[in-house]
Number of protein chains: 2
Amino acid sequence: MSRPTLAVSVGDLNGIGFEIALRAHEKLRTLCRPLYVVHREMARQAAERLGLALPEPFEHVAPDAAPFTIAPGTVSARAGAYSFASFKKAVDLTREGRAVALLTLPIHKEAWMEAGIGYKGHTDALRDFFKKEAIMMLGCEALYVALFTEHIPLKEVPKRIEKERLTRFLLDLRKETGAGKIGVLGLNPHAGDHGVLGDEERIIEEAIEEANKQAKKEAFVGPLVPDVAFTPKMRENFRYFAAMYHDQGLAPLKALYFEESVNVSLNLPIVRTSVDHGTAFDIAYLPNRPLSLASYLNAAEAALRLAARKSQRP
Amino acid sequence: MSRPTLAVSVGDLNGIGFEIALRAHEKLRTLCRPLYVVHREMARQAAERLGLALPEPFEHVAPDAAPFTIAPGTVSARAGAYSFASFKKAVDLTREGRAVALLTLPIHKEAWMEAGIGYKGHTDALRDFFKKEAIMMLGCEALYVALFTEHIPLKEVPKRIEKERLTRFLLDLRKETGAGKIGVLGLNPHAGDHGVLGDEERIIEEAIEEANKQAKKEAFVGPLVPDVAFTPKMRENFRYFAAMYHDQGLAPLKALYFEESVNVSLNLPIVRTSVDHGTAFDIAYLPNRPLSLASYLNAAEAALRLAARKSQRP
């Protein structure tokens, strides 16, 4: 059986993303055929700056953007436009079936802004490309956390706890991950303590009940007391959690599994994963400093696993 | 130098608290003289149920409540009243200087309710006894988290972010702990991302600035991005954090240090610490099951350390 092809968008070439890809290449190609969305001359320029040789063979597709001169750690419209074009082309290649999944390297939000790109990030763009409610999930094999609400002010969160949307979210999450059991967090301290500390748990309870009914099994458990949900004992019971808001899920996850974690977009026609860190402009193209490849390699493995799962689904 | 006396309130005797005290006694008395607030006959009743001998000498003071027959794992008004009386007397002993600090074992909230006791818990009662704004801090030597807001619905939290109160809270926290540097969390995802995801960080920033001015040094750092604040690298920089709300601080803390953590009441005339778990009615007085003494012993050490610190303060 031939190895599956994984499309890799190169992210902001003024940051650390592509260095990680180059350093992880030998390991990655034991798992798949990486297809880099970058001009050969841009890849060579980055490799030379790092004192590395370009891998041979180097499978690549050029994005629809102009090559430019790399300026490590610099916000630039040209780098922003290039990273967006690499991402866009990688999405298209995956959609067309030339790759089984997409792995994205980090872009720089301000560089996108300078290039006039209106999206806040990859997930935001994917929602628009596919007109679908993407689910953002972060984690690693030991612990995955899916976010019911994401990048909104904390004060907006309680208003967004709605039964129908939450029920749909839970069922979609289960379908996409194949998780046997999902821990669903409450919203308030002590999960509201029977209404004394907030009453949104009533809605969460109803959504869990409805989702279990539709799933025809007790797939969803909760509302869990948020500050106890991630203790070692609870993590023996659950590998997948649904968090009501960004920091509720991500603060415990990152406290426990910072370097290993990956970012996954679920509920889309294509599988997309990403490293769980940014462009790290402050350490881009520096010699001799430690660089963790864990998140990147985990993101590749997650992409391949999810793609295999998706291809087997009716 | 003689060992300091530590008052121990025995908590709900239908739960696991006093068993922990008995099993940890030999270790504890190497650190201090434990003074248990319990009738000798009640202590003996509990010990006999557990097949343990009462330590000799057994220093104790009887609380102002009637002895009763222990019923493991049962919510009862008599047990509730007894646990409150033990707590109340232990507070008095500490206030009068017969003990340097108070260590509380867990009470059962419903038993307090059945006994007609109007407080939600120890901290709530202490605020009322002393008419002072107690600060609730949880953690262990590796990581302490103080809570700016505690047991309130999540939707109330953003409204409570006020400059004057937060400034006072930060300065009190520093004074009580002697922490050299305190990490102050933002409220919103990505600490608001320059106002795009919420603007309470502006208030937090102002409070930090004012507190640093009054402290005459950069003692307070933030607003930190909440989901990154507890990653290993950040924890190298900070051992003390100020969290804006309950789960923001406690979910990461408990994910990392569940069994070791203790609960500390600061900013009161007396030092009080507590284990960071409940009565565990489901496993009370059961034979041969594992029982962690770590939180109890850590709570005792924290109490003695804070008391020593307090006695040296002008």
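These figures come from a predicted structure and were not determined experimentally. Per chain, numbering begins at 1; letters A, B, ... match sequence-line order.
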With respect to chain B, which residue among [options] yields the maximal number of heavy-atom pairs within a distance under 4.5 Å?
{"options": "Val196(A), Leu154(A), Asn188(A), Val225(A)", "value": "Leu154(A)"}
{"options": "Pro189(A), Pro158(A), Gly198(A), Gly192(A)", "value": "Pro189(A)"}
{"options": "His190(A), Gln248(A), Lys233(A), Lys120(A)", "value": "His190(A)"}

Let me know if [X] has heavy atoms under 4.5 Å from chain B in its side chain, its backbone, both or neither.
{"X": "Ile152(A)", "value": "backbone"}
{"X": "Pro252(A)", "value": "both"}
{"X": "Lys109(A)", "value": "side chain"}
{"X": "Tyr245(A)", "value": "side chain"}

Does [X] come within less than 4.0 Å of [Y], counting only side-chain N to carboxylate O?
{"X": "Lys181(A)", "Y": "Glu236(A)", "value": "no"}
{"X": "Lys155(A)", "Y": "Glu200(B)", "value": "yes"}
{"X": "Glu150(B)", "Y": "Arg127(B)", "value": "yes"}
{"X": "Glu156(A)", "Y": "Arg160(A)", "value": "no"}

Do you know the tightest heavy-atom contact between Ala255(B) and Pro232(A)?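 That would be O-CD, 4.4 Å.
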Quick check: does any side chain N or O of Arg239(A) sit under 3.5 Å from a backbone N or O of Glu141(A), one acting as donor and the other as acceptor?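 At least one qualifying donor-acceptor pair exists.
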So which part of Pro153(B) gets closer than 4.5 Å to some heavy atom of chain A, the side chain, the backbone, both or neither?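 It is both, since atoms from each part get that close.
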